[in-house]
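Atoms within a ligand are numbered from 1 in the order they appear, just like the ligands themselves.
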Amino acid sequence: MQSGSLFIISAPSGTGKTTILKKIVAAMDNVAFSVSHTTRAPRPVEQDGIDYFFIDKDNFARMQQQGLFLEWAEVHGNLYGTSSYAIQEATEQGRDLLLDIDVQGARQVKNKLGHTGVFVFIAPPSLEELARRLVGRSTESEDVITTRLKNAREEMKSLNQYDYVIVNDTVTEAVEVLKSIIIAERSRKRRSLSGVPLKLIS
Ligand code: ADP
Ligand code: 5GP
């Protein structure tokens, strides 16, 4: 079976990445979301094992020492990491995987996997709109929002290192563009549009 592709998706916090990725997973076959590990506290709407694996710093350090992460980074004061095993399992089953990781993690994945990954940056229409979305989400304190906005300016500087840039002006349009990128990648690998490997010659 042909293995699935890795889509490495980065965006400044509050851009709308989670909103877009959830719609993609719901709308497309054979696409899964890579569930990261984090030491951040869960938000009220978040579920362990679905949005993240919420673990404490000791367990995170243990996973680091055991070399279980494909990549990991400290982002906005918390630790986040992607398990190598989960990635391997999903892609070997032929599923495309969406990795929601920050610019530091994306750089690590690029160094390890090179061009086998598809790198997508989602940008907000403006920093003012980003601030409105972060405040509107009401999940972070004022201090945390200030840190995330400060980091957003830095993160935007990495935009040129990505294969694709999507501006999340409207969710509908951004979802359509990301769908098109996934479909294009499947076509490049001669897979059907639903993600199943094509049998052109028996
Ligand atoms: P991220 O995962 O990038 O941190 P979220 O998906 O949590 O961002 O979105 C942040 C906030 O912005 C949420 O309240 C979400 O409903 C809202 N949002 C997302 N996309 C848009 C958009 N295109 N226009 C307006 N609001 C948006
Ligand atoms: P949040 O706390 O808003 O869920 O995520 C904050 C930031 O951490 C986002 O930029 C998100 O992409 C990033 N992030 C989430 N999971 C991972 C991961 O496994 N690795 C890395 N490097 N960053 C992650």
Would you say Arg137 has any N or O atom under 3.5 Å from an N or O of ligand 2, going by distance alone? no
Could you tell me the separation between the OG1 atom of Thr18 and the CD1 atom of Ile122, rounded to the nearest 0.5 Å? 9.0 Å
Any N or O on Glu155 sitting closer than 3.5 Å to an N or O of ligand 2? no
Would Phe7 and Phe119 count as a close aromatic pair, with their ring centres under 6.0 Å? no
For ligand 2, which atoms, with element, lie under 4.0 Å from some heavy atom of Arg148? 1 (P), 2 (O), 3 (O), 6 (C)
Students should be able to answer this: which protein heavy-atom is nearest to atom 20 (N) of ligand 1, and at what distance? Asn168 ND2, 3.1 Å
Donor-acceptor side-chain pairing of Arg148 and Asn151 below 3.5 angstrom: no
I'd like to know if Leu99 and Leu21 are part of one continuous hydrophobic network [Ile/Leu/Val/Met/Phe/Trp/Tyr, side-chain heavy atoms within less than 4.5 Å]. no
Is any side-chain N of the basic residue among Glu128 and Arg132 closer than 4.0 Å to the acidic one's carboxylate O? no
Within 6.0 Å of CD in Gln64, more than 12 heavy atoms from elsewhere: yes
Counting only nitrogen or oxygen atoms and a 3.5 angstrom limit, does Glu71 reach ligand 2? yes
If we only consider heavy atoms of Gly136, is any one of them less than 4.0 Å away from an atom in ligand 1? no
Please state which protein non-hydrogen atom is closest to atom 11 (C) of ligand 2 and give its distance, to 0.1 Å? Asp100 OD1, 3.2 Å
Suppose I only count heavy atoms of Thr170 and a 4.0 Å limit; which atoms of ligand 1 are within that range? 23 (N)
Considering only protein heavy atoms, which is closest to atom 5 (O) of ligand 2, and at what distance to one decimal place? Tyr52 OH, 3.4 Å
Those atoms of ligand 1 less than 4.0 Å from some heavy atom in Val171: 20 (N), 21 (C), 22 (C), 23 (N)
Which value, rounded to the nearest 0.5 Å, describes the distance between Ser84 atom OG and Glu71 atom CD? 9.0 Å
How far is atom 7 (C) of ligand 2 from the closest protein heavy atom, and which atom is that? Val75 CG1, 3.7 Å
Could you establish whether Arg43 and ligand 2 come within less than 4.0 Å of each other, counting only heavy atoms on the residue side? yes
Shortest protein heavy-atom distance from atom 16 (O) of ligand 1, along with the residue and atom involved: Thr19 OG1, 4.2 Å
What are the atoms of ligand 2, with element, lying closer than 4.0 Å to any heavy atom of Arg40? 1 (P), 2 (O), 4 (O)
Run the numbers for me: atoms of ligand 2, each under 4.0 Å from some heavy atom of Ala73, listed by number. 22 (N)
Run down the list Thr18, Thr15, Leu21, Ile9 and name the one with the heavy atom closest to atom 2 (O) of ligand 1. Thr18
Between Arg107 and Ser158, which heavy-atom pair has the shortest distance, and what is it? NH2-OG, 3.3 Å
Say whether Thr38 and Arg40, considering side chains only, have a donor N or O and an acceptor N or O under 3.5 Å apart. no
Can you check side-chain contact (heavy atoms from CB on, under 4.5 Å) on Phe69 and Thr82, steps first, answer last? CA-CA 5 Å; Phe69 289 129; Thr82 305; 5.6 Å; no
Quick one: nearest non-hydrogen protein atom to atom 7 (O) of ligand 1, plus distance? Arg137 NH1, 2.8 Å
When you compare the side chain of Leu134 with that of Leu149, does any pair of heavy atoms fall below 4.5 Å? yes
List every atom of ligand 1 that sits less than 4.0 Å from any heavy atom of Asp169, numbering the atoms from 1 in the order shown and giving each element. 22 (C), 23 (N), 24 (N)
Would His76 and Ser13 count as a side-chain contact (heavy atoms from CB on, under 4.5 Å) here? Give the steps. CA-CA 9 Å; His76 316 312; Ser13 179; 3.9 Å; yes
Using a strict cut-off of less than 4.0 Å between a Lys/Arg side-chain nitrogen and an Asp/Glu carboxylate oxygen, indicate whether Arg62 and Asp56 qualify as a salt bridge. no
Can a non-hydrogen atom of Gly81 be found less than 4.0 Å from any atom of ligand 2? yes
Look at atom 19 (O) of ligand 2 and say which protein heavy atom is nearest, naming residue and atom and giving the distance to 0.1 Å. Ser36 OG, 2.7 Å
Under 3.5 Å between any N/O of His76 and any N/O of ligand 2: does that happen in this structure? no
Kindly compute the distance separating CG (Leu79) from CD1 (Ile55), expressed to the nearest 0.5 Å. 8.5 Å
Heavy-atom contacts with Thr82 under 4.0 Å: which atoms of ligand 2 show up? List them by number with element. 18 (C), 19 (O)
So, does Ala11 sit close enough to ligand 1 that a heavy atom of it is under 4.0 Å from the ligand? no
Shortest protein heavy-atom distance from atom 11 (C) of ligand 1, along with the residue and atom involved: Arg133 O, 3.8 Å
If every non-hydrogen atom of Ala152 is compared with every non-hydrogen atom of Leu127, which pair is closest and at what distance? CB-CD2, 4.3 Å
If we only count N/O pairs under 3.5 Å, is Glu129 in contact with ligand 1? no
Look at atom 4 (O) of ligand 1 and find which of Gly14, Gly16, Pro12, Ser10 reaches it with the closest heavy atom. Gly14
What residue and heavy atom of the protein are closest to atom 9 (C) of ligand 2, and at what distance? Lys17 NZ, 3.8 Å
Please say whether more than 12 non-hydrogen atoms of neighbouring residues, nucleotides or ligands are located less than 6.0 Å from CZ in Arg43. yes
Considering non-hydrogen atoms of the protein only, which is the closest contact for atom 23 (N) of ligand 2, and what is the distance? Asp102 N, 3.1 Å
Within-4.5 Å side-chain heavy-atom neighbours: Tyr85 and Leu68: no
Enumerated ligand 2 atoms positioned under 4.0 Å from heavy atoms of Gly105: 22 (N)
When you measure from the heavy atoms of Gln104 to every atom of ligand 2, does any distance fall below 4.0 Å? no
Any donor-acceptor pair under 3.5 Å linking the side-chain atoms of Arg186 with those of Ser5? no
Do me a favour and list the nearest non-hydrogen protein atom to atom 6 (C) of ligand 2 with residue, atom name and distance? Tyr80 OH, 3.5 Å
